[in-house]
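When a residue number appears, it is its place in the shown sequence, counting from 1.
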Amino acid sequence: IHFYKRCELRYYYKYSSLALVVGYLLHKIMKVSSSSMKKFVAVCLPMVLVVSGLILLTTHHNIFMYIFKTQLVLSPVSGSFPMWQELPAPMLASMYLFNVLNPVEVSAGAKPELEEVGPYVFTEQHDKVRLNWNENGTVTYRQVRTWHFVPELSKGSLDDNVTIVNSVAATLGYMIEQNVAGIWRPAVDVFLRGIKEKLFVTKTVREIIFDGYHDPLFDNLEEIMELLPFIRKMVPEGSVMDKFAFFYGRNGTDYTDGVFNMFTGAGDSTKMGQVHSWNYSTTGFFPGQCGQVRGGAGEFYPPGLEKTYIEMFSNDLCRTLRFNFNTELMVKGINSYEYTADKSFFANGTENPLNACYEPQNVFLPSGVYNTSICRFGAPVFVSQPHFYLADPYYLDMIAKGMSPNSTLHNTYFRIEPRAGVPTDVTARFQLNVLVDKVSGISMLKDVTKTYFPVMWFENKAGVPDDLVFKMKLLANLPEILQGMGWAQLGLAVAICIIVTLVFVSKRRGEDTSPILNQSIQEDSQDENVFLDQED
């Protein structure tokens, strides 16, 4: 009896521990009414788990790519299309202007003293319009950018007055120096003084950035071209407008960014989001490889990014920009690669041979600025990082006051989830500079010192909206999740096999011990009978 009780207790503990392991699954198996059906389930379920687990382990990349192609590869019905056509959340665009504190002294040859004002913060929304899906796996579209002022995030009003270098006058001086012979300059100077053209103007922020301000040259340009016909060749077709502003005519229009043709990723995911042509051409303004239209459009990149570099095509700069890998980090829990605009970004051709073909012939500039005049109707506009960050000290030495380059405030970076190629955090910062140089025979420019004059800089920030963070995490970790599920299924299959084996062995042992127990009980009964007989 004690032996039986010990066996019963041992089996109880064994069955209890096993029940904790399999629980519900074993209960369901043992609930099957037919004994043969129980055996069938006990054999087939582990086999199914093994097969499905092996499939997940060996095809997790293929499953990821299938989801990528059905959800991210761009098409009118893909999951990514609504977010691509219209940003799920507007970007924030912060704009800073450089107020000139000593315009009279600068005109007389002094170095400029500048004061940074702002930021003037806007929301910036992007909408893709006039879509045309092509058979070669590309989509042709135009982009509408819309800005709305956000006063609560801004430091100042759009009605603030700011004194800046007059880009119209500076551009005119640059063209005169390049194209007008000395014999004609006195006549041009008389004309400019007659219309009261000025090198510096004081305008409101809204006029400088978007609304535009009127320059007297616009009213009298036809007159001067009739007086001096050779000037007509200095004025490219389409370059003259009724007003001037750095973003004049760009707010809410679909023509200023040009016509893009971009690979959707259909048929070849390695080209996902790459620009195929711009304004119906695969070549741009520059010779050689610099003139090739290539790089991402900014919204998507091919899956499987490497720790090397990425390229983006900028219609504003009419060229491809290369961002080198910097580090690997987490953005809201999403693994991301960071690519930055490092010192080679705007380096000259001597320091970075890849940039040599962006430089005009016989023109040498210290590293740190990019000459955009070739795609800006000849205007002497040079782009740099804010406050000449990472630029040659040559440019900072031209400014007496107001420049304080800082890596935290002025660097540019792209952070991208590498598996899917989706940006997670983007901050782009660039500065516009106008070349002001001495021009003999022109009164307003005859005494100035050559200066790459900072006018404004802007910052664009975009990231993953909070409501999309979970989906991005799921997508970024999908291969590991699938692998984990595969290993879990293999482990569960092994556990079921072990449990079924133990149950089977336990039952066999129970059957083997039953005759022994019966015999023991019979012997005990006989002994009791003997004692009873003796008493009798």
Side-chain angles (χ1 to χ4, degrees), residues 91-94 124 126 260 262-263 270-276 278 284 286 289-331 334-349 351-359 367-372 382-391 405-432 457-464 476:
M91 295 190 294
L92 284 181
S94 301
E124 180 178 333
H126 293 188
F260 287 87
M262 184 190 77
F263 287 104
T270 63
K271 295 182 178 180
M272 173 75 176
Q274 301 296 291
V275 178
H276 176 244
W278 180 57
F286 302 96
Q289 67 171 5
C290 292
Q292 297 175 3
V293 175
R294 67 181 191 279
E299 294 93 354
F300 300 108
Y301 286 87
L305 291 179
E306 297 181 355
K307 296 179 179 181
T308 52
Y309 64 87
I310 61 169
E311 292 184 324
M312 185 187 79
F313 180 77
S314 170
N315 61 288
D316 289 321
L317 302 183
C318 309
R319 59 167 284 187
T320 297
L321 303 174
R322 174 176 290 200
F323 299 87
N324 291 322
F325 175 79
N326 181 48
T327 187
E328 185 173 358
L329 43 71
M330 302 297 286
V331 177
I334 304 168
N335 184 56
S336 303
Y337 289 176
E338 180 180 271
Y339 302 86
T340 62
D342 57 17
K343 200 166 185 177
S344 67
F345 191 73
F346 283 142
N348 60 29
E351 297 185 14
N352 182 5
L354 293 176
N355 286 343
C357 46
Y358 291 118
E359 300 172 348
S367 293
V369 301
Y370 161 63
N371 186 351
T372 68
F382 295 76
V383 176
S384 68
Q385 299 199 63
H387 289 246
F388 294 117
Y389 171 65
L390 296 181
N406 182 295
S407 61
T408 303
L409 300 176
H410 303 141
N411 70 325
T412 290
Y413 58 82
F414 277 67
R415 293 169 180 168
I416 303 174
E417 194 287 306
R419 278 206 175 103
V422 178
T424 57
D425 184 20
V426 176
T427 297
R429 302 177 174 117
F430 294 102
Q431 178 173 295
L432 300 181
W457 72 273
F458 53 88
E459 172 190 80
N460 283 92
K461 295 179 73 72
V464 180

Could you report the tightest heavy-atom contact between Leu321 and Ser314, atom names first, then the distance?
CD1-CB, 3.9 Å
Taking Gln431 for the side chain and His387 for the main chain, is one N or O donor matched with an acceptor at less than 3.5 Å?
yes
The side-chain contact (heavy atoms from CB on, under 4.5 Å) partner of Glu417 among Thr424, Val331, Leu305 is Thr424
Ring pair (Phe, Tyr, Trp, His ring centres under 6.0 Å) partner of His410, chosen from Phe388, Trp457, Phe430
Trp457
Check each of Phe323, Tyr337, Phe345 against Phe414 using the ring pair (Phe, Tyr, Trp, His ring centres under 6.0 Å) test, and report the only one that passes.
Phe323
Value for OG1 (Thr427) from CG (Leu92), rounded to nearest 0.5 Å, stands at 10.0 Å
So which heavy atom on Pro423 is nearest to which on Gly298, and how close?
CG-O, 3.8 Å
For the side chain of Asn326 and the backbone of Glu338, is there at least one donor-acceptor N/O pair under 3.5 Å apart?
no
Taking atom CZ of Arg415 and atom OG of Ser336, what is their separation to the nearest 0.5 Å?
8.0 Å
Is it true that a side-chain atom of Ser384 and a backbone atom of Gly368 form a donor plus acceptor pair closer than 3.5 Å?
no
Could you give me the CA-CA distance, side-chain angles and deciding distance for Tyr389 and Leu409, then say whether side-chain contact (heavy atoms from CB on, under 4.5 Å) is met?
CA-CA 10 Å; Tyr389 171 65; Leu409 300 176; over 6 Å; no
Can you tell me if Thr412 uses its side chain to pair, donor with acceptor, with the backbone of Arg429 under 3.5 Å?
yes
Fit a plane to each ring of Tyr358 and Tyr370, take the angle between them on a 0 to 90° scale, and name the class: parallel (under 30°), tilted (30 to 60°) or perpendicular (over 60°).
perpendicular
Are the side chains of Val383 and Leu432 in contact, using a 4.5 Å heavy-atom criterion?
yes
Ignoring hydrogens, what is the shortest heavy-atom contact between Cys318 and Trp278? Give both atom names and the distance.
SG-CH2, 4.3 Å
Does the Arg294 side chain pair with the main chain of Gln289, one donor and one acceptor, at a distance under 3.5 Å?
yes
Got a second to check how far Asn324's CG is from Lys307's NZ, nearest 0.5 Å?
15.0 Å
Contact summary for Gln385 and Asp342, nearest pair of heavy atoms:
NE2-O, 4.1 Å
Would you call Asn460 and Val426 a side-chain contact if the rule is heavy atoms closer than 4.5 Å?
no
With side chains defined as the heavy atoms from C-beta onward, is the minimum distance between Tyr309 and Phe325 less than 4.5 Å?
no
Rounded to the nearest 0.5 angstrom, the CE-CG distance for Met330 and Asp425 is 13.0 Å
Has the side chain of Glu351 got a donor or acceptor atom that lies under 3.5 Å from a matching backbone atom of Lys343?
no
How far apart are the closest heavy atoms of Glu306 and Tyr339, and which atoms are they?
O-OH, 2.7 Å
Heavy-atom pair with the smallest gap, counting every atom of Thr327 and Leu329
CG2-CD2, 3.9 Å
Do the side chains of Asn335 and Pro418 get nearer than 4.5 Å, heavy atoms only?
yes
If we ignore hydrogens and angles and just use 3.5 Å, is the side chain of Glu359 paired with the main-chain N or O of Gly349 as donor and acceptor?
yes
CE on Met312 to CD on Glu299, rounded to 0.5 Å
9.5 Å
Point-to-point distance, once rounded to the nearest 0.5 Å, from CE of Met262 to NE2 of His276
13.0 Å
Is it the case that the side chains of Glu124 and His126 hold a donor-acceptor pair, with the cut-off being a distance below 3.5 Å and no angle test?
yes
Backbone N/O of Ser344 and side chain of Asn352: donor-acceptor pair under 3.5 Å
yes
Would you say that Asn355 contacts Arg322 through its side chain, given a criterion of any heavy-atom pair below 4.5 Å between the two side chains?
no
Would you find a donor on one side and an acceptor on the other, under 3.5 Å apart, between the side chain of Thr340 and the backbone of Tyr413?
no
